**Student:** 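Take a look at the following structure, please.
Fair warning: this is a prediction, and the values are worked out from it, not measured in the lab.
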Amino acid sequence: MAGPSKLVRVTMRNRGESISFEVRTLPGSRNLVLGWVGQVAPDPTEITLSDSGGRSRVVTPRDRQWEHSVELLSDAHLFVPRSDRPFVLTLEYRVHPGELQRIRKLEADHLVVEELPPTAPSGSPELPESLSADRRKVASEALAELDELVGLEDVKVMVREILHAEVGRQRREALSLATAVSSRHLILTGAPGTGKTVVARLLAKLFWGFNLVELDQLVEVGPSELIGKYVGATAPLVDEAVDRAIGGVLFIDEAHMLHYTVLYGQEAVTALLRNMENHQRRLVVIAAGYPDKMEEFLDSDPGLRGRFTRVIAFPDYDDDSLGEIFRRIATSSDFDVDDEVVGAVVKHFNTSHRGPQFANAREVRNLFGAACDRHAARVGQLRAPSVEQLRRLELDDVFPRNASRNLDASVTALDEALAALQSMVGLSSVKYEVDTVIKLARMNRWRVASDLVPARVTRHFVFSGPPGTGKTTVAEHVAAAFRALGVLKRGHVVKATRDDLNEWSVGSQGERASEIIRSAVDGVLFLDEAYTLIGTPAVVPLLELMEEYRDRLVVVAAGYSQEMQLFLDSNAGLRSRFTKVIEFPAYSPEELVEIFEVTARSEQFVVSDEVLAAVRAELDSIDLRHFGNARGVRTMYERIVERIAGRMGESPTVTEMSTILPEDVRGLGSATTVPPRFGFVPWTA
C-alpha cells in the first residue's frame, strides 16, 4: 500500500453484455461517483452495488446524463445487466497505486482507465469569523507549516478536505440545519519517517484553531504505555491516557502493535473504543502505523472501522525530496550546504537500497548527524576557524573520500572473528549460514564504496536448538565480525532473560525491558530462552525498539527449536523481524570428546588417549539428550579438576598438577546430566 493515493476515472462502454467490476477503494475515502450517459428513462438499467460490509443497493440512472455519489463502507462489486441500448458508465474513486496498476491491466476497447489530478479544494479553508484571535492565529500558522512541508501533496489535499468539510458543518449548525454526525478520528499510514507525527501535531493545532476541539493539546502515547502486564491493568492505562487528552487530541503511534500484542492487546482496543464512544464530542484519536499492519489493526475489531472512517496515506519521499529535507535540516541547524552537497545526497538515496523498513526523513537525519560529527572533527583541528568554516558543511563531511581506504582497516579483526568461528568444534551447517551473512555484509561495504546499491543483510536471528550447542559463542563471533565490518559501532553483547526484561512492580510497564534493550544498541542483544517471553510485557518494547534502532541493533533470540517456533507464532511482528532461523544440532559423542580435549589442553592439562577413552565411555553410558552438550562437557571438566585438586599433597609436582588420570573421569557422566524438561508453559499474569 506504499505510495500516494490516486484519483482515477474508469470509463466502460456497453457492448450488449453485462458489466461486472470490482471497486477497491482506499480506506477512509469511500466516496464512489457514478456517471452515466445514454439510455433514457422510463426503461433505465439498474446498477447493483454490493460492498464487503454486508450492504447491497440498487442505483437507477434517472436521465440521459446522470451523476450519483455513493458512500461505501468498504470495497464493492458493481454489476450492470446486459442492455442492447448504447451507454457509457464512468466511475471515479480514490485507490492505492497498486490498485491503479491492477485495473490498468483490464483496459480494453470498452474500458478506459485515467489517472485524475488531485481534487484539492481551492485555497485554504476560510476561518469562521466567530473564531477568537488566538484560534485564528494558531490555525493560520499551522496551515502555513503544513504548506512548508516537503512533498506530501496528497496528504495536504486530504487535510484541507477534512477542514473544508468541518467548516461546512459548522455553517449548517449555525443556521440550525440538520448535520450528519461525522467521526473526526483519523488513521495515518506510512513507512517510518514519512511525517506522520509531524502532521498529527499540526492536525491537533488545526483542530483547535478551527474550534473542533476544546483544548490546544496533544497527548502522544505508544502501545507500551497502554498495555498492562496483568489482568485488569490495561483498561486503567487507556483511561488515564484518555483523561489527559480529553478536550484535545490523543495520538497513538505504532498503533498496530495493539493488535500484534497477544496478551492484553485486545483489552486495550476494547477500552479505547469505549472511551471513543463515551467522549465522542470531546476527544479526537489519531492512530498511526504501517499501511498493511494498520489494515490488520482495523480488521481486528468491527468497532474500529466504524470510528476510524478517514485514512490518510503518507507516501515514501522521492530522492529530490530527501535532498531538500537534508538542505532544510542543515539550514535550521545553522549550516550552509551548496548544490553539490545536496546533489550528492540525492544520488546517495537514488542508489541506496530501499527495503520495506526504509526510514525516509529519519535516514536523512542520521546522514546529517554523521556529517556533523565529521565536520566537528575536521574544524576541531583548525587553530582559529572562521565563521564560514564553522558553518559550511563540505562534501567530504557527508561522504568521506577516504571511505574506500578505510575498508581494509579492520581486515585483521574480521579475519580473527571468522577464524574463531571456524575453530569451533562441529556446527558445519551453522558456520555456513553465519559465514554467508558475514560475507554478504562485507560485500556491501565494497558495493557502497563503489556507489552500488547494497544487498539486504539479515540483522536479527533465531538460534534454535538444545542447550550447550554454542549459540552464545556464535552470537559473540557475529558481534565481533559486524563490528569489524562497521555494521555495528561497538559490537558488544548484552545477554538477557525473561526475568531481566520483565519487572513486576506496578507502574513500571516496559521500563526495565526498554532500558536493557537500549543498552544493547550498536551491538547484539542475546535473548536466552526467548520463548519464555511469550505473553510478557517485554514483547511490545522489544518490537518497538527493534524498529527504532533497526540499523543499530542486532537481536539474537535463542532457545529450543519447537518452543522458538511457538515464540515466532505468538506475535506477527516477531515473525516479520526474525527472518533467519539457524538450527544448532546436538553434538555427537565424538565432537563432545573433542570439545573436552580442546578445553583441557587450553588450560595446560595433559590428556592421554586413555583419558579420552574414559570420557567417551562415560558419554556412552548416559542419555546425551539430558547431558547439555558442550555445557555438560564443561561441567564434567570442572568436576575432574576438583578431583585432581582433592588428591594433591602438600608439595605437588608440575606433572601431578597438570595430568588428568582415567580414574578422574569415571562416574562423572551420570553426575553431570540434567533432569528432563517437561515442556514450556507461556507466561501468564
**Student:** Parallel, tilted or perpendicular: which describes the rings of Phe584 and Phe463, with under 30° parallel and over 60° perpendicular?
**Tutor:**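 The rings of Phe584 and Phe463 sit tilted, inter-plane angle from 30° to 60°.
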**Student:** Measure across Phe567 and Ala557 and return the closest heavy-atom pair with its distance rounded to 0.1 Å.
**Tutor:** CE2-CB, 4.0 Å
**Student:** Is Asp253 salt-bridged to Lys196, going by a charged N under 4.0 Å from an acidic O?
**Tutor:**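 Salt bridge between Asp253 and Lys196, a charged N being under 4.0 Å from a carboxylate O: no.
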**Student:** Of the options Leu574, Val555, Thr579, Val556, which is the one that meets His460 in a side chain to side chain contact (heavy atoms under 4.5 Å, CB included)?
**Tutor:**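 Going through Leu574, Val555, Thr579, Val556 one by one, the side chain to side chain contact (heavy atoms under 4.5 Å, CB included) with His460 is satisfied by Val555 alone.
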**Student:** Report yes if the side chains of Val524 and His492 come closer than 4.5 Å at any heavy-atom pair, otherwise no.
**Tutor:** no
**Student:** Hey, is the main chain of Trp208 close enough, under 3.5 Å, to the side chain of Arg135 for a donor-acceptor pair?
**Tutor:** yes
**Student:** Does the pair Arg498/Glu529 count as a salt bridge with the N-to-O cut at 4.0 Å?
**Tutor:** no
**Student:** Minimum heavy-atom separation for Leu488 and Arg459, please, with both atom names.
**Tutor:** CD2-NH2, 3.9 Å
**Student:** side-chain contact (heavy atoms from CB on, under 4.5 Å) between Val221 and Val219: does it pass, once the steps are laid out?
**Tutor:** CA-CA 7 Å; Val221 296; Val219 175; 4.1 Å; yes
**Student:** Side-chain contact test, heavy atoms from C-beta onward, threshold under 4.5 Å: evaluate it for Leu273 versus Asn275 and give yes or no.
**Tutor:**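 With C-beta onward as the side chain, the pair stays apart.
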**Student:** Just wondering, do Val213 and Leu283 contact through their side chains at under 4.5 Å, heavy atoms?
**Tutor:** no
**Student:** Taking the side chain from Gln565 and the backbone from Gln562, do they hold a donor-acceptor pair closer than 3.5 Å?
**Tutor:**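 Side chain of Gln565 to backbone of Gln562: no pair is present.
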**Student:** Could you tell me whether a side-chain N or O of Thr194 sits under 3.5 Å from a main-chain N or O of Gly190, the two making a donor and an acceptor?
**Tutor:** no
**Student:** Can you confirm whether Ile187 sits close enough to Thr189 that some side-chain heavy atom of one is under 4.5 Å from a side-chain heavy atom of the other?
**Tutor:**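 The answer is yes, as the side chains (C-beta and beyond) meet within the 4.5 Å cut-off.
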**Student:** Hey, does Asp299 have a side-chain heavy atom less than 4.5 Å from the side chain of Arg305?
**Tutor:**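 The answer is yes; the side chains approach within 4.5 Å.
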**Student:** Supply the atom-to-atom distance Phe251 CZ to Arg201 CZ, rounded to the nearest 0.5 angstrom.
**Tutor:** 7.5 Å
**Student:** Rounded to the nearest 0.5 Å, how far apart are CG of Leu553 and CD1 of Ile517?
**Tutor:** 8.0 Å
**Student:** Drop me the distance from Glu324's CD to Asp318's CG, to the nearest 0.5 angstrom.
**Tutor:**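 Glu324 CD to Asp318 CG: 11.0 Å, rounded to 0.5 Å.
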**Student:** What pair of heavy atoms forms the shortest contact from Ala142 to Lys205, and how long is it?
**Tutor:**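 So the two residues come closest at CB-CB, 3.9 Å.
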**Student:** Could you go step by step and tell me if Gln266 and Ser300 meet the side chain to side chain donor-acceptor pair (under 3.5 Å) rule?
**Tutor:** CA-CA 8 Å; Gln266 186 55 47; Ser300 68; 4.6 Å; no
**Student:** What pair of heavy atoms forms the shortest contact from Phe308 to Val285, and how long is it?
**Tutor:** CE2-O, 3.5 Å
**Student:** Flag the pair Leu215 / Val249 as yes when at least one side-chain heavy-atom distance between them is below 4.5 Å, and no otherwise.
**Tutor:**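 Of all side-chain heavy-atom pairs linking Val249 with Leu215, none is under 4.5 Å.
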**Student:** If you define the side chain from C-beta out and look only at heavy atoms, does anything of Ile252 sit under 4.5 Å from Leu250?
**Tutor:**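 Answer yes - side chains close enough.
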**Student:** Carefully, step by step, assess Tyr290 and Glu547 under the rule side chain to side chain donor-acceptor pair (under 3.5 Å).
**Tutor:** CA-CA 12 Å; Tyr290 303 149; Glu547 176 56 34; 2.9 Å; yes
**Student:** Between Ile227 and Leu237, is the side-chain contact (heavy atoms from CB on, under 4.5 Å) condition met? List the steps.
**Tutor:** CA-CA 7 Å; Ile227 300 176; Leu237 290 175; 5.9 Å; no
**Student:** Measure across Phe526 and Lys471 and return the closest heavy-atom pair with its distance rounded to 0.1 Å.
**Tutor:**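 The answer is CE1-O, 3.8 Å.
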**Student:** What distance do Asp301 atom CG and Leu304 atom CG have between them, rounded to the nearest 0.5 Å?
**Tutor:** 5.0 Å
**Student:** So, Ser321 side chain and Tyr317 main chain: donor-acceptor pair closer than 3.5 Å or not?
**Tutor:** no
**Student:** Determine, for Asp239 against Arg244, whether the closest basic-nitrogen to carboxylate-oxygen distance falls under 4.0 angstrom.
**Tutor:** no
**Student:** Quick check for you: to the nearest 0.5 Å, what is the distance between Asp316 atom CG and Asn360 atom CG?
**Tutor:** 4.5 Å
**Student:** Looking at Ile516 and Ala496, what are the two nearest heavy atoms and their distance?
**Tutor:**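 Closest approach of Ile516 to Ala496, heavy atoms only: CG2-CB, 4.0 Å.
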**Student:** State, yes or no, whether a side-chain contact exists between Val284 and Ile286 at a heavy-atom distance under 4.5 Å.
**Tutor:** yes
**Student:** Run Glu476 and Lys495 through side-chain contact (heavy atoms from CB on, under 4.5 Å) and show every step you take.
**Tutor:** CA-CA 10 Å; Glu476 291 170 347; Lys495 302 173 186 176; 3.4 Å; yes
**Student:** One pair to check against side-chain contact (heavy atoms from CB on, under 4.5 Å): Phe349 and Asp319. What are the steps and the verdict?
**Tutor:** CA-CA 6 Å; Phe349 286 112; Asp319 304 327; 4.1 Å; yes
**Student:** Decide, yes or no, whether a salt bridge links Glu161 with Lys156 under the criterion of side-chain N to carboxylate O below 4.0 Å.
**Tutor:** no
**Student:** About how many Å separate CG of Leu206 and CG of Leu212, when rounded to the nearest 0.5 Å?
**Tutor:** 9.0 Å
**Student:** Salt-bridged, Arg307 to Glu277, with N to O below 4.0 Å?
**Tutor:**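 So Arg307 pairs with Glu277 through a salt bridge.
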**Student:** Salt-bridged, Asp569 to Arg575, with N to O below 4.0 Å?
**Tutor:** yes
